[in-house]
Asker: 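There's a structure below that I have some questions on.
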Amino acid sequence: MNSLYHLGEYILLMKKVFSIPERWNIFFKQVIDEINKLVINSIWIVVIISLFIGAVISMQVTLNIVSPLLPKYAVGFTTRETLLLEFSSSIMCLILAGKVGSNIASEIGSMRVTEQIDALDIIGVNSASYLILPKITSLVLFIPVLVSFSMIAGLIGGYLLASFSDMLSLSTYIYGIQYDFKIGYIWYSMKKSLVFAFIITSVSSYYGYSVKGGALDVGKASTNSVVMSSILILLADVVLTQLMLN
Amino acid sequence: MLDIKNLYKAFDGKEVLHDINAVFEPGKVNMIIGQSGSGKTVLLKCIVGLHFPDKGEVLYDNRNFMKMNKKEVKMLRREQGMLFQGSALFDSMTVLENVMFPLNMFSTDKPKKRMERAMFCLERVNLKGAEDKYPSEVSGGMQKRVAIARAIALNPKYLFCDEPNSGLDPKTSLVIDALVQDITREYNMTTVVNTHDMNSVMGIGDHIVFINQGIKEWEGSKEGIFTSVNKNLNDFVFASDLFKEVKNTHLNNLEG
């Protein structure tokens with residue numbers, strides 16, 4: 001019953017969110033601010049994590065695939081496929097659910113408990129649309145940029161491992177990451193990330209917007225938003241993989 | 001004029017407001033008083049439309065708020081200004097941007113004119129020079145004054161204040177009270193102030209409504225409080241020795 005209540009409230013909130021902005025110039029300014037906050041400020045974490053994960057995947061594959069039947073270039077090939085198919089979209093969005101999602105929930109939640117949202121309503125502004133639509137728009141539009149950064153950084157991670165260790169040769173790694181390359185996998189990853197970006201921003205906003213109480217409740221909302229976004233991302237991942245790759 | 005008729009509100013089956021009736025006239029500082037938890041904040045939120053009453057009517061110059069469509073509510077919002085208990089200033093905006101906000105959203109004036117209006121409002125609350133500061137960089141009293149400037153930016157007909165003096169020292173409270181009273185008179189606004197600060201009530205209250213456990217128990221002028229026989233009102237207003245003494249002096253003067 002509780003889940004159904006939240007689902008209903010979430011749908012009603014989204015209905016309020018998707019309305020024409022009061023002033024387009026203010027909306028565009030907000031979108032630019034949100035791109036800076038949610039996307040640009042996330043690039044460093046995306047790049048660092050992807051760089052190390054790319055290197056670790058290459059290392060793990062090199063150390064664990066010992067069969068003489070498997071070619072050496074399988075290391076580069078497996079690293080690329082793992083990054084493209086799962087890591088750079090799904091796992092990266094799980095990480096973003098933690099960073100961006102908690103940020104959104106606590107920002108909107110704090111505005112709720114300090115009556116700033118009530119103040120917006122009294123002024124006559126559609127507070128849901130004013131606060132949430134720019135966040136959804138900016139992350140959905142620019143998540144492909146973060147996914148691209150993640151893919152490139154991950155592949156560079158493997159490249160650096162090949163360059164600075166004697167675990168595998170650089171030429172074999174480069175051959176592996178080019179072997180049987182399917183461009184469709186990039187589009188698949190991008191499309192998935194759009195759905196995940198919507199989940200992160202809308203679910204976190206819902207939890208922040210519906211906070212009741214004080215600072216403790218803002219903290220709870222922030223945690224709940226991360227947990228729920230993560231679950232929904234994984235669920236959507238299964239559904240989208242079935243739909244798009246099957 | 002603001003007319004409240006037979007207002008009821010309950011949360012999770014617990015009745016918070018029971019059959020509230022009141023009339024708030026323009027040009028007067030109307031005060032809703034009562035103990036903490038008496039239902040006065042819920043009443044104010046029902047009046048401004050932040051809560052939807054279960055039953056009853058809220059008439060803004062004979063326009064029933066409960067029956068308004070979205071467009072009408074939006075139009076009415078421009079006639080309302082509200083000062084929140086915690087000021088509710090937007091943290092990410094400067095003082096000037098806070099006052100400019102309603103103008104930027106709804107005014108059709110050119111940017112220069114909007115800026116002039118915002119500066120006028122800031123000057124009106126004696127905050128010239130603080131335009132570029134953020135809410136966290138100014139004192140509680142200044143935050144309240146910024147909130148008043150933001151509330152009057154669109155020239156509202158109705159001003160609502162939820163415990164405007166909470167968290168302020170007595171001297172700053174007097175400044176805020178004087179500002180609310182002056183603005184009410186100046187613009188002939190219908191002002192409704194929610195408070196349990198008896199200094200404010202005795203200082204600027206023109207018309208007082210006393211709420212106790214969700215029921216309107218008394219209404220009248222501040223002078224009427226001294227002669228009221230309502231036990232709950234007397235217990236609430238004259239709880240302190242100071243106010244008991246004030247009451248005795250007042251009654252002695254009347255008898256004398």
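Order of the sequence lines sets the chain letters (A, B, ...), proteins ahead of strands, with each chain counted from 1.
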Asker: Do you know which of A/D33, A/N126, A/D118 has the most heavy-atom pairs under 4.5 Å to chain B?
Answerer: A/D118

Asker: What residue in A/L120, A/I26, A/I122, A/T114 has the most heavy-atom pairs under 4.5 Å with chain B?
Answerer: A/I122

Asker: Quick one: what part of A/I123 sits under 4.5 Å from any heavy atom of chain B, side chain, backbone, both or neither?
Answerer: both

Asker: With distance as the sole criterion, is a donor-acceptor pair present between the side chains of B/N165 and B/D177 under 3.5 Å?
Answerer: yes

Asker: Is the B/Y158 ring parallel, tilted or perpendicular to the B/F160 ring (thresholds 30°, 60°)?
Answerer: parallel

Asker: Is it true that B/E79 and B/R63 have a side-chain N and a carboxylate O under 4.0 angstrom from each other?
Answerer: yes

Asker: Counting only heavy atoms closer than 4.5 Å, note whether B/L89 contacts chain A via side chain, backbone, both or neither.
Answerer: backbone

Asker: So, B/K144 and B/E163, do they make that salt bridge, N to O below 4.0 Å?
Answerer: no

